[in-house]
Amino acid sequence: MRIATWNVNSLRARLDFVLMWLEARQPDVVGLQELKATDEEFPRTAFQDLGYEVALHGQKGWNGVAILSRLPVEQVRRGLPGQESFGARLIGARIAGLAFFTAYCPNGKELTHPDFERKLGWFDDLAAFWRDADAGEAAVLCGDFNIVPAPVDSWRGAAADGRLFHTPDERRRFQALLELGLVDLYRDRRGDEQAFSWWDYRGGAFHRGQGLRIDMLLGTPRVAERVTDVRIDRDFRKKRSGLTASDHAPVYADLDLDDG
DNA sequence: ATGACACTATTTTAGTGA
């Protein structure tokens, strides 16, 4: 089973690009973030034509998350309890025995902005939700976490410590998810290898290698031990066929879950 | 040092993103 996460930065603006990627990589289950579309605006049929079921939690203008799946989708859950006012940022479902959740975690805006404290509170609620979710042995929590877990995950290295995304307060929240038993599948598989999943559109950041790793696939040990490959698909951060890429690359993993 | 890019919305400028 190939699972993936991707912040598409507007599904309506990115539809043809996303379809190209699906054709190229053939993922089975995909978590999408930053749809910037209502459920009514979401082009369901374009995905159904490629064999994907769609589960949606959209809203007008901003945020929005979705799951695409070539396998039957059951028990869809929308929203993070208690955090509905912070936008449509979490969706989960049960797919072929796997509990699959994808999240668009808050940005925080600036350290002095009220949204920074709200971001920390959102992560506290996410951890509480996950602790109580009873997701089962095989579970995935993926998405755009908007936290750089460690200096190696920033192009600036430790020089970025303390900036937004790189604060001890944020890193503690990410660590709290790992302490609930989740494994960072990229880091687990790749050791200390440096790779980024997001690059600023401005200033040639992508070509200068100035990125961050903020898009993650987290999995329970049951999932982590079945991983055969993890890739950050930076080729799809590049413009292609005249179409503009998202500022995030897709991240995908292959799981050998055949025996359940 | 600034802004640089690409998206959104009671759109023609301002806000958001990371």
Side-chain angles (χ1 to χ4, degrees), chain A residues 5-18 20-21 32-43 56-66 85-90 102-120 122-123 126 142-171 173-174 194-216 232 234 236-251:
Chain A
T5 181
W6 196 5
N7 178 323
V8 296
N9 185 19
S10 174
L11 198 275
R12 284 174 291 155
R14 208 73 57 216
L15 178 61
D16 289 342
F17 199 102
V18 171
M20 273 196 304
W21 180 77
L32 299 177
Q33 307 91 40
E34 273 210 271
L35 305 178
K36 298 186 178 179
T38 62
D39 292 358
E40 292 70 30
E41 290 166 328
F42 191 95
L56 281 177
H57 186 35
Q59 69 172 84
K60 185 175 174 59
W62 312 101
N63 306 311
V65 285
S85 66
F86 217 163
R89 295 177 179 275
L90 182 70
T102 194
Y104 175 46
C105 304
N107 170 303
K109 292 196 174 77
E110 296 175 38
L111 298 186
T112 55
H113 193 285
D115 275 8
F116 183 72
E117 285 299 322
R118 292 180 74 202
K119 174 181 187 177
L120 300 179
W122 191 92
F123 273 99
L126 179 64
C142 67
D144 174 0
F145 286 82
N146 276 328
I147 294 175
V148 175
V152 69
D153 298 310
S154 171
W155 67 278
R156 294 180 196 270
D161 287 357
R163 291 171 176 252
L164 186 68
F165 288 30
H166 309 70
T167 65
D169 280 338
E170 291 163 298
R171 286 174 168 166
R173 267 56 179 201
F174 187 77
Q194 185 175 63
F196 306 133
S197 66
W198 173 87
W199 296 260
D200 200 307
Y201 281 122
R202 297 168 293 184
F206 179 75
H207 296 287
R208 293 168 187 262
Q210 299 176 345
L212 305 174
R213 191 175 72 95
I214 53 176
D215 299 273
M216 259 68 84
I232 300 180
R234 72 187 296 285
F236 280 79
R237 174 61 179 78
K238 301 173 186 169
K239 185 171 284 227
R240 145 179 313 252
S241 304
L243 300 176
T244 301
S246 170
D247 44 358
H248 297 252
V251 183

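Sequence lines set the chain letters: A, B, ... in the order given, protein chains first and strands last, and positions in each chain run from 1.
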(message) What is the separation between atom CG on A/D247 and atom C1' on B/dA4, rounded to the nearest whole Å?
(response) 14 Å
(message) What is the distance, to the nearest angstrom, from the CZ atom on A/F196 to the P atom on B/dA18?
(response) 17 Å
(request) Name every residue in residues 102-116 of chain A that has at least one heavy atom under 4.0 Å from any atom of DNA chain B, in order of residue number, or write none if there are no such residues. (result) A/Y104, A/N107, A/K109
(message) Roughly how many Å apart are B/dA6 and B/dT10, using the P atom of each and rounding to a whole number?
(response) 23 Å
(request) For A/R163, check side chain to side chain contact (heavy atoms under 4.5 Å, CB included) against everything at least two apart and list the hits. (result) A/R156, A/A160, A/H166
(message) A/A13: which residues meet the side chain to side chain contact (heavy atoms under 4.5 Å, CB included) condition with it, sequence neighbours left out?
(response) A/S10
(request) Kindly give the heavy-atom pair with the smallest separation between A/F86 and A/N63, and that separation in Å. (result) O-ND2, 4.0 Å
(request) Could you pull out all residues at least two apart from A/R208 that satisfy salt bridge (Lys or Arg N to Asp or Glu O under 4.0 Å)? (result) none
(request) Using whole Å, report how far CH2 of A/W198 lies from P of B/dT16. (result) 17 Å
(request) Pull out every residue in residues 160-168 of chain A that has a heavy atom closer than 4.0 Å to any atom of DNA chain B, ordered by number, or say none. (result) A/F165
(request) Taking side chain to side chain contact (heavy atoms under 4.5 Å, CB included) as the test, write out the residues that go with A/A245, two or more places apart. (result) A/F17
Compile the donor-acceptor pairs under 3.5 Å between side chains in residues 104-111 of chain A and protein atoms, sequence neighbours left out, one pair per line.
unit_1: A/N107; atom_1: OD1; unit_2: A/K109; atom_2: N; d: 2.6
unit_1: A/K109; atom_1: NZ; unit_2: A/D115; atom_2: OD2; d: 2.4

Under 3.5 Å, which protein N or O atoms sit close to an N or O of nucleotides 7-10 of chain B? Give each pair with its distance.
unit_1: B/dC7; atom_1: OP1; unit_2: A/R14; atom_2: NH1; d: 3.0
unit_1: B/dC7; atom_1: OP1; unit_2: A/R14; atom_2: NH2; d: 3.4
unit_1: B/dC7; atom_1: O3'; unit_2: A/S10; atom_2: OG; d: 3.4
unit_1: B/dT8; atom_1: OP1; unit_2: A/S10; atom_2: OG; d: 2.9
unit_1: B/dA9; atom_1: OP1; unit_2: A/G61; atom_2: N; d: 3.3

(request) Figure out the CZ/P separation between A/F145 and B/dG17, and round it to whole Å. (result) 18 Å
(message) Here's a test for you: under side chain to side chain donor-acceptor pair (under 3.5 Å), which of A/D144, A/T102, A/N7 qualifies with A/Q33?
(response) A/T102
(message) Among residues at least two apart in sequence or on other chains, which ones pass ring-ring contact (aromatic ring centres under 6.0 Å, His included) with A/F123?
(response) none
(request) Check each residue of residues 204-216 of chain A for a non-hydrogen atom within less than 4.0 Å of any atom in DNA chain B, then write out the ones that pass by number, or none. (result) A/L212, A/I214
(message) Applying salt bridge (charged side-chain N to carboxylate O under 4.0 Å, His left out) as the test, list every pair that has at least one member in residues 236-247 of chain A; sequence neighbours left out.
(response) A/D235-A/K238
(message) With rounding to the closest Å, how many angstrom separate the P atoms on B/dA1 and B/dA14?
(response) 26 Å
(request) Take the protein atom CG of A/D144 and the nucleotide atom P of B/dT16, then report the distance between them rounded to whole Å. (result) 17 Å
(request) Using the P atom on both, measure B/dT8 against B/dA18 and round to a whole Å. (result) 14 Å
(request) Hey, which sits more toward the 5' end of DNA chain B by its nearest nucleotide, A/K239 or A/N63? (result) A/K239
(request) Supply the atom-to-atom distance A/R213 CZ to A/F145 CZ, rounded to the nearest 0.5 angstrom. (result) 10.5 Å
(request) Check whether any side-chain N or O of A/H248 sits under 4.0 Å from OP1 or OP2 of B/dA18, and answer yes or no. (result) yes
(message) Ignoring hydrogens, what is the shortest heavy-atom contact between A/R171 and A/D161? Give both atom names and the distance.
(response) NH1-OD1, 2.9 Å
(message) Expressed as a whole number of angstroms, how long is the span from A/N146:CG to B/dT16:P?
(response) 15 Å
(request) Find the distance A/K119:NZ to B/dT16:C1' and express it as a whole number of Å. (result) 14 Å
(request) Taking all non-hydrogen atoms of both residues into account, name the closest pair between A/A103 and A/L90 and its distance. (result) CB-CD1, 3.8 Å
(request) Nearest whole angstrom, please: distance from the P of B/dA18 to the CZ of A/R237. (result) 12 Å
(request) List for me each residue that meets side chain to side chain contact (heavy atoms under 4.5 Å, CB included) alongside A/Q194, sequence neighbours excluded, and say none if there are none. (result) A/V152, A/F196
(request) Of all the heavy-atom pairs spanning A/W199 and A/A249, show the shortest one and how long it is. (result) CZ3-CB, 4.0 Å
